[in-house]
Amino acid sequence: MPINKVLPSFAAAVADIPNGATVMIGGFAGPGGMPSNLILALRNQGARDLTVISNTAGLPGFAAHTGQTIINQSVLFENKQVKKLIATYPVPRSMSQISAFMKAWQAGEVELEVVPQGTYAERLRAGGAGIAAFYTPTAVGTQLAKGKEVRTFDGRDYLLERALKADYALIHAHKADKMGNLVYKGTSRSFNVHMATAAKVTIVEVDEIVETGELDPEHIVTPGIYVNRIVARPKERR
Amino acid sequence: MPINKVLPSFAAAVADIPNGATVMIGGFAGPGGMPSNLILALRNQGARDLTVISNTAGLPGFAAHTGQTIINQSVLFENKQVKKLIATYPVPRSMSQISAFMKAWQAGEVELEVVPQGTYAERLRAGGAGIAAFYTPTAVGTQLAKGKEVRTFDGRDYLLERALKADYALIHAHKADKMGNLVYKGTSRSFNVHMATAAKVTIVEVDEIVETGELDPEHIVTPGIYVNRIVARPKERR
Amino acid sequence: MKQPMDHETMAMRAARELQDGNVVNLGIGIPGLASNFIPEGRSVIFHSENGVLGFGPLLDESDGDVDLINAGGQFVSAMPGMSFFSPADAFAMIRSGHIDVTIMGGLQVSERGDLANWMMPNRGIGNVGGSMDLAAGAGKIIVTMEHVTKDGQMKIVRKCSYPVTGLACVSLVITDLAVIEVTPKGLVLREVAPGYTAQDIQAVTEPKLIVAKDLKEVSL
Amino acid sequence: MKQPMDHETMAMRAARELQDGNVVNLGIGIPGLASNFIPEGRSVIFHSENGVLGFGPLLDESDGDVDLINAGGQFVSAMPGMSFFSPADAFAMIRSGHIDVTIMGGLQVSERGDLANWMMPNRGIGNVGGSMDLAAGAGKIIVTMEHVTKDGQMKIVRKCSYPVTGLACVSLVITDLAVIEVTPKGLVLREVAPGYTAQDIQAVTEPKLIVAKDLKEVSL
């Protein structure tokens, strides 16, 4: 049977995510690369007590055009589905902006682990690469090093950091073929590419689905073996 | 000044490699992706006591067409320029074939460190990623784990492995633009792509040099900041 | 009449283990031949350590392209859906459990599934290549090898005397004489080559074999 | 007459530190403005943590593309030689020393070059983003910030009281009042804003400043 991972709806793609699951959510922060329709489907599906691994918790207006409607992780906090967030940039830049996450965090409803962004990227990569842990020079001597092993190599101190893995990854790519090979667009590649490799089930929202063979083997960024489910955005929501 | 890293000759590109340098040599094993002209230039240049980091020590006939002349790492062993080799597949597959490296090794003229290929790839990547060391499940319980720290994460044993770095990398790519952005061809990408990031000075032999801007930003595999010197193969030797 | 399996038959038997949609890494030699015998109706994606997924059948040298090889140095063909990537990415796939099955050659397999296949001790030097990474990371490890060495030494042993490639990693051993499963209880003899009995196999196998209740002749 | 530098002037001064061929990462705010003032004849390659190298000037929102942003969420322009890659690759570049210069904002800089810029303790929560990786990995770290806070607190201090981003990592501090170099011997006052004396700067700087023999007015 030719491999075909395309599903008919975002709802079908996230239907089996159970309460208590660990879910990676891709993108960087703005609308580019954000799997908005999958996030919305997870909001509507209602799974609770989620651990969310995501660069931000939703930043209002980040890298968006004025008036552009942006659906991001924020809806999951508004809907009280998240018990823990692992992120690098959890709150709006300005202290005057209050996000749904910030409210939940202030109310003590959600736990937070802040990770330096390079360590976060590397922990995701390690999760998808079968590497249990690694030593990085980042954050040595800071409060984010608290409780972590420090070790000296060649006269320099490094922190031991563990791999990040998840039950599900919700990501966005530009194009997929039916086998799940993916290409991205510009800086919207971002964390999508690492999360695809680090989750048991990777679900991709794409702008366009093409026939297997249409993507140049030299240009494929995420090989299809990492992808489990593909759903195309309706044209009007691309 | 527009950046232009193109040099006129292979000899000029390797002229400053000193005795005792650590040199990575790219490619996998066959002629595809092998920086043959740079290797030949290094042979002619004559630097001695080199530590060579390379997947093989030159495998006669590997992935080559009958009668095809192949210049590979072997010439450096023939010319007695190497004091240590770090490799995954150091000798010919058949016990009846004797390579220049094998002779030198049997004569006690060259030291050998054998590394599992995945660990080798990951050590190269770590060298280019500022990661000092990492824990991998590969080789636990084997003789290649001798002297290495074993540590248990989530009930599984892992080995601690260190990054590999070098003074110089000699690599092959398909095309370069003048800033040093690189694309490769098929499976000839191989270790070239990791070595480019892990050496202080990366020297690239390419099939073709194009103007900066001609390579699609989505398709560049090695960004130009990793590349120091570029030399094009003469057309008849591509 | 006793009829050991030839290499093609062993490869055919190994290929039967490949399920629809499996991602598969094949060693050179007998394992590589398995790519010619994928059961009808099953899509299998081939992976190689040098950085390629989804390639097609092996090519004759004259048709081959030096820029499209597998890790064994064989020329392979292009297929729709193929992709290229770095060796670090190729081994990331292996270690993270994305390779469902690997078929490898073997020098020795032990009772508990330890594998030795990277070094002939009498040579004093070995080519490890990707074997240890596959032993540590691949989902199901199938070893295809002769049941005994050319000079009659047993290769299925209590404990490997050759340097090991990985510990307790082998799931299934397919030899010219038998198909043997590695289980927590020990080695289970599942199938024999035509004309062979369980006793025949035990005679050339060092550890005590558990004979499957439904022991049968190898079928393809 | 005393004339503090405005943000554009601070950015101009910071831009003078960028050498031909440098790979440069700019934070948002004053650092980002520096991209408008690269000295004539110098080629500088801009890097951003989200996975892009070699982009051009910032774009107005109306001209921007959501698929071409920097890590600060600003729209940037395409340039010949630009490349896209993953964040893990972007931070590999940072940690491995391939970023020559980074210009960042600061909340506090200590005598020995410790930097605090990721968390206002009174907020109780911080956005670390890529700041700690840049602090650990970038070649030369330039901090641009006001010399004192809005309510007159000193920001160049003996020891940071805010949570630190990195230890002994800052090379140069450019404030609205002065240019100060971090050296093994201590902080060296190199340049002052028009009309300011060394005493003026010392009065708003907690650690003892070493006054450069050739102390001069900031020149652009």
Side-chain angles (χ1 to χ4, degrees), chain B residues 1-6 121-134 163-167 169 173 175-184 189 193-202 209-230, chain D residues 18-25 38-56 65 67-70 76-102 130 132-139 166 169:
Chain B
M1 283 281 294
I3 296 169
N4 186 342
K5 298 176 179 174
V6 178
E122 194 67 13
R123 290 177 68 190
L124 292 171
R125 182 196 173 270
I131 298 299
F134 56 87
L164 281 172
K165 291 194 262 193
D167 301 311
K175 290 185 190 182
D177 68 21
K178 289 179 177 172
M179 286 177 73
N181 291 304
L182 305 179
V183 296
Y184 302 88
R189 187 178 300 196
V193 71
H194 303 305
M195 290 177 175
T197 70
K200 281 182 211 137
V201 178
T202 294
I209 294 169
V210 301
E211 291 303 320
T212 296
E214 286 188 39
L215 301 176
D216 185 326
E218 301 281 2
H219 302 159
I220 289 168
V221 176
T222 297
I225 64 168
Y226 288 119
V227 170
N228 301 86
R229 304 170 191 171
I230 307 164
Chain D
L18 307 179
Q19 304 305 314
D20 192 35
N22 274 180
V23 182
V24 176
N25 184 296
I38 307 307
E40 192 99 15
R42 295 188 194 168
S43 290
V44 165
I45 298 171
F46 291 111
H47 167 274
S48 193
E49 302 96 294
N50 51 333
V52 56
L53 262 177
F55 51 91
D65 174 351
D67 297 318
L68 185 48
I69 63 170
N70 66 20
V76 299
S77 51
M79 286 271 282
M82 184 170 67
S83 55
F84 299 117
F85 37 86
S86 73
D89 286 348
F91 283 97
M93 293 171 188
I94 292 171
R95 285 187 309 261
S96 64
H98 285 89
I99 307 305
D100 299 306
V101 182
T102 186
M132 287 190 185
D133 301 281
L134 285 160
C169 57

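Every chain is numbered from 1 and lettered A, B, ... according to where its sequence line falls, protein lines coming before strand lines. Only a predicted model underlies this, so the values are computations on that prediction, with no experimental measurement involved.
Among all heavy-atom pairs drawn from P223(B) and L53(D), the shortest one is CB-CD1, 3.5 Å.
With respect to chain D, the highest number of heavy-atom pairs below 4.5 Å among P217(B), A126(B), G127(B) belongs to P217(B). For the set G224(B), A129(B), A163(B), the entry with the most heavy-atom pairs within less than 4.5 Å of chain D is A129(B).
Inspection of non-hydrogen atoms places A92(D), M93(D), R95(D), S96(D), H98(D) of residues 91-101 of chain D under 4.5 Å from chain B.
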Item to check | Candidate pair I3(B) and I45(D), rule side chain to side chain contact (heavy atoms under 4.5 Å, CB included), full reasoning | outcome: CA-CA 10 Å; I3(B) 296 169; I45(D) 298 171; 3.5 Å; yes
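Within the model, atoms OG of S83(D) and CD1 of I225(B) stand 7.5 Å from one another, a figure rounded to the nearest 0.5 Å.
K165(B) is linked by a side-chain hydrogen bond (donor to acceptor under 3.5 Å, both in side chains) to nothing, counting only residues two or more places apart in sequence or in another chain. Among residues two or more places apart in sequence or in another chain, the ring-ring contact (aromatic ring centres under 6.0 Å, His included) test is passed with F85(D) by none.
The list of salt bridge (charged side-chain N to carboxylate O under 4.0 Å, His left out) pairs with a residue in residues 209-218 of chain B, not counting sequence neighbours, reads R189(A)-E218(B), K178(B)-E211(B).
Interface remark: A88(D) contributes backbone and side-chain atoms alike to the contact with chain B (heavy atom separation under 4.5 Å).
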